[in-house]
Visitor: 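This is the structure, below, for whatever I ask next.
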Protein chains: 2
Amino acid sequence: MSASASRPPVMADVARVAGVSHQTVSRVLNNLPNVRPSTRDRILQAIDELGYRRNLTARALVTRHSRVLGVVSFDTTLFGPASTVHGIEQAARDAGYFISIVSLKAITRDSVEDAIHHLAGQGIDGIVVVAPQRQAARALSSIPDDIPAVAVEGGRARRVPVVSVDQVGGARLAVQHLLELGHQTVWHIAGPEEWLEAEGRLKGWQETLEAAGRPVPTAMTGDWSPRSGYEAGLRLPSSATAVFVANDQMALGLLRSLSERGVRVPDDVSVVGFDDVPEAEFFSPPLTTVRQDFTLVGRYSIELLLEQLAEDPPARRRRVVVPATLVRRRSTAAPAGA
Amino acid sequence: MSASASRPPVMADVARVAGVSHQTVSRVLNNLPNVRPSTRDRILQAIDELGYRRNLTARALVTRHSRVLGVVSFDTTLFGPASTVHGIEQAARDAGYFISIVSLKAITRDSVEDAIHHLAGQGIDGIVVVAPQRQAARALSSIPDDIPAVAVEGGRARRVPVVSVDQVGGARLAVQHLLELGHQTVWHIAGPEEWLEAEGRLKGWQETLEAAGRPVPTAMTGDWSPRSGYEAGLRLPSSATAVFVANDQMALGLLRSLSERGVRVPDDVSVVGFDDVPEAEFFSPPLTTVRQDFTLVGRYSIELLLEQLAEDPPARRRRVVVPATLVRRRSTAAPAGA
DNA sequence: CGCTAGAGTGTTAGCGTTCACACTTATCAG
DNA sequence: CTGATAAGTGTGAACGCTAACACTCTAGCG
């Protein structure tokens, strides 16, 4: 513990104290072989004594690897993105990487490109773009060629592997569940058009109805917020007996407007959401919904990224799809007439 | 666009193309004066031509500043931490800084210290610790002296400035609101003991009741989850007419258990939450709650951090308190007997 | 006409690591 | 006892940038 508060100690200081060369200190730090145990101990002790911490900036300069991964995301306040980023962070840390985050207020192609270049200039080893909007997905092509990247929910990006949840399959699960209960058809409150997730759920809903030979009602569109679900609920025709809502927040709004109109759930109308937010189980009534495993999505995205970072570029999987699962609770039942 | 995909261009390459020295390129990049406009243009063109991006790692090595700030947080899936981190990120980016995040699964003194050292070794310019638990607050003392730091919700940390929401005041607002409506007393479902926020809300609740000369019921304790609020609701005595719940999620659970028991809100029991999550407005009934401005908290924390980073260390404010506000909705009313 | 000031530019030396070697010493086969 | 091999260690040169200073040149002054 040197009293001089001048500069933090560097490798050379450790070397001097331990009576070796800086290179030997480096070897110990990097767990390389061919260091005599007694020497190693002396160095370790010197490190401890001086309170030495290796300067990762210098290391990054020479190795050309910062062990930092960049993440570009949108509104990390929402449950989905927040969970995904959390999953990414956990997986990255387990792999010994740091995460540098840029969270966008607005998704425009420009803002995404900006964020990407920002990160690229930062000496990052790779980038994960959580790109659930069409705009963002388009910006993927502007990622510099020399930077490994992965997209989450990024449509079919050209040069970038994609991890996504099976939105279409999830929607199918929801609609099939309602049809099996005996409903003639299912209404849909969709997410904003520019969102790929909204698109997938809409598609799954429509295809499933068509496959079953059922009429396909006009879809209503919300903006993911509870309020928009509430408003969609006001426009829902009284003939409807089942609604598939593109996320749980809008489902909550729908539940509220139905209850205000005296419509009982599930007696009069069945409702299925999407996401399985922690609150969903305690809605009135507890919400049947489609669960997405965001943690797994985060994990896979890091896995795909690290694969690209590896020495031997493997025949890289271009796309990983995480299945969605149906969680049955009390907001769905057979229609009144059944 | 050089066809050789060998190495990304460096400053010297730009210098060669522009016919100047690398130092002049550096001057242009750093917007220093005394560069002839025509020279500047030539350099800018060369940069463009080569697709040159400055290596920030090398820059950081020599300047000893990375322009990266570290953030340590807990479970960024929760609304509060997620919003705070989001606010921090926005504010930091506006100031030209990057954010490197470590999100902890468990808060123990060790895990926090670990995260801090992890970041410290990363060549970070400063650290924000979102430390809402007593454990985490204690770990603040282990931040190396040479690294500027700020704590969010960190109790009264010793050497570290703190930004926090006025939990006590928020709780007072909630309880006063209920007393003014005519309730004799107010029950409380508290958060986990080790959380400072839970402690502040508990304290505000208790003090306000005492100041009004009202009996103070035994507080129930949850773990922030809707389920724990639900369970607390089952234990709520039927004599209770008003409940102040330490967060919105638990309030949701309470609402649910009350409705299952046939207790009407607000007719039979009034409920106030804390946080004002986006969903709160659409609970059944819409929840009266205390709003915390997390964005502001994030903003202030970066402000305090940048103050420390500035050339002239100002007489530093040791503590910034952000006020909480009451949002009145439909879950509160006068008691039945009033 | 020489001198100074300042604009404009180049040169050199780091920053704290790792990498590619070269070197020394001990070990062992022949 | 010699030479080859391996273990253990040191030396010097990068990595790509900025800081400090030195230099050149023009303008302006007495």
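In what follows, chains carry the letters A, B, and so on, assigned in the order in which the sequence lines appear, proteins first and then strands, with residues in each chain numbered from 1. These numbers come from the heavy atoms of this one structure, side chains and all, not from hydrogens, waters or symmetry mates.
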Visitor: Using atom CG of A:Leu32 as one end and atom P of D:dG8 as the other, report the distance to the nearest whole Å.
Guide: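 After rounding, the reported distance stands at 13 Å.
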
Visitor: Report the nucleotide, chosen from C:dT17, C:dC19, D:dT9, that has the shortest atom-to-atom distance to any side-chain atom of A:Thr24.
Guide: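 So the nucleotide nearest the side chain must be D:dT9.
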
Visitor: To the closest 0.5 Å, what do you measure between OG1 (A:Thr84) and CD (A:Glu153)?
Guide: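 The distance works out to 7.5 Å.
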
Visitor: So, is B:Thr63 near the phosphate of D:dT18, with a side-chain N or O under 4.0 Å from OP1 or OP2?
Guide: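 Result: no.
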
Visitor: Can you confirm whether A:His86 sits close enough to B:Ser73 that some side-chain heavy atom of one is under 4.5 Å from a side-chain heavy atom of the other?
Guide: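 No. Closest side-chain heavy atoms not under 4.5 Å.
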
Visitor: Does the side chain of A:Arg54 get closer than 4.0 angstrom to OP1 or OP2 of C:dT18 through an N or O atom?
Guide: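 Checking A:Arg54 against C:dT18: at least one side-chain N or O falls below 4.0 Å of OP1 or OP2.
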
Visitor: A:Asn34 has an atom CG; how far is it from atom P of D:dG10, in whole Å?
Guide: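 Roughly 13 Å, once rounded to whole Å.
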
Visitor: Mind calculating the distance between CG (B:Leu61) and C1' (D:dT18) to the nearest angstrom?
Guide: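 Interatomic distance, CG of B:Leu61 to C1' of D:dT18: 10 Å.
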
Visitor: Counting any heavy atom closer than 4.0 Å, what does B:Thr57 reach on the DNA or RNA strands: base, sugar-phosphate only, or nothing?
Guide: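 Touches nothing.
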
Visitor: Could you tell me how far apart B:Gln23 (CD) and D:dC17 (C1') are, to the nearest whole angstrom?
Guide: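 Atom CD in B:Gln23 sits about 10 Å away from atom C1' in D:dC17.
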
Visitor: Any side-chain to backbone donor/acceptor pair from A:Asp114 onto A:Asp110? Under 3.5 Å, distance only.
Guide: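 Looks like no, no N/O pair under 3.5 Å.
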
Visitor: Using a 4.5 Å cut-off on heavy atoms from C-beta on, say whether the side chain of A:Ile116 contacts that of A:Pro144.
Guide: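 Side-chain contact under 4.5 Å: yes.
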
Visitor: With no hydrogens and no angle check, is any side-chain donor or acceptor of A:Gln90 less than 3.5 Å from a backbone partner on B:Ser103?
Guide: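 Yes, A:Gln90 side chain to B:Ser103 backbone: donor-acceptor pair under 3.5 Å.
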
Visitor: Between atom CZ in B:Arg42 and atom P in C:dG8, what is the gap in whole Å?
Guide: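 So the CZ-P distance, B:Arg42 to C:dG8, works out to 13 Å.
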
Visitor: Write down the distance between NE2 (A:His22) and C1' (C:dG14), rounded to a whole number of angstrom.
Guide: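 The distance from NE2 of A:His22 to C1' of C:dG14 comes to 15 Å, rounded to the nearest Å.
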
Visitor: To the nearest Å, how far apart are B:Arg64 CZ and C:dT17 P?
Guide: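 Taking atom P of C:dT17 as the reference, CZ of B:Arg64 is at 10 Å.
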
Visitor: Does any N or O donor sit under 3.5 Å from an N or O acceptor when you compare the side chain of A:Arg27 with the base of D:dG10?
Guide: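 A donor-acceptor contact between them is present.
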
Visitor: Can you see if the side chain of A:Arg36 gets near the phosphate of D:dT9 - specifically, an N or O under 4.0 Å from OP1 or OP2?
Guide: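 So the side-chain polar atoms of A:Arg36 do come within 4.0 Å of the phosphate oxygens OP1 or OP2 of D:dT9, strictly under.
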
Visitor: Report the nucleotide, chosen from C:dT9, D:dG16, C:dT17, that has the shortest atom-to-atom distance to any side-chain atom of B:Val62.
Guide: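 Of the options given, the side chain of B:Val62 lies nearest D:dG16.
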
Visitor: Distance check needed: D:dC17 P versus B:Arg7 CZ, whole Å only.
Guide: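 Spelled out: CZ on B:Arg7 to P on D:dC17 is 13 Å.
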
Visitor: From C-beta outward on A:Asn30, which listed nucleotide comes closest to its side chain: C:dT18, C:dG16, D:dT18?
Guide: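 Nearest to the side chain of A:Asn30 among the choices is C:dT18.
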
Visitor: Looking at D:dT9, I'd like to know if its phosphate oxygens (OP1 or OP2) sit under 4.0 Å from a side-chain N or O belonging to A:Thr39.
Guide: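 So the side-chain polar atoms of A:Thr39 do come within 4.0 Å of the phosphate oxygens OP1 or OP2 of D:dT9, strictly under.
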
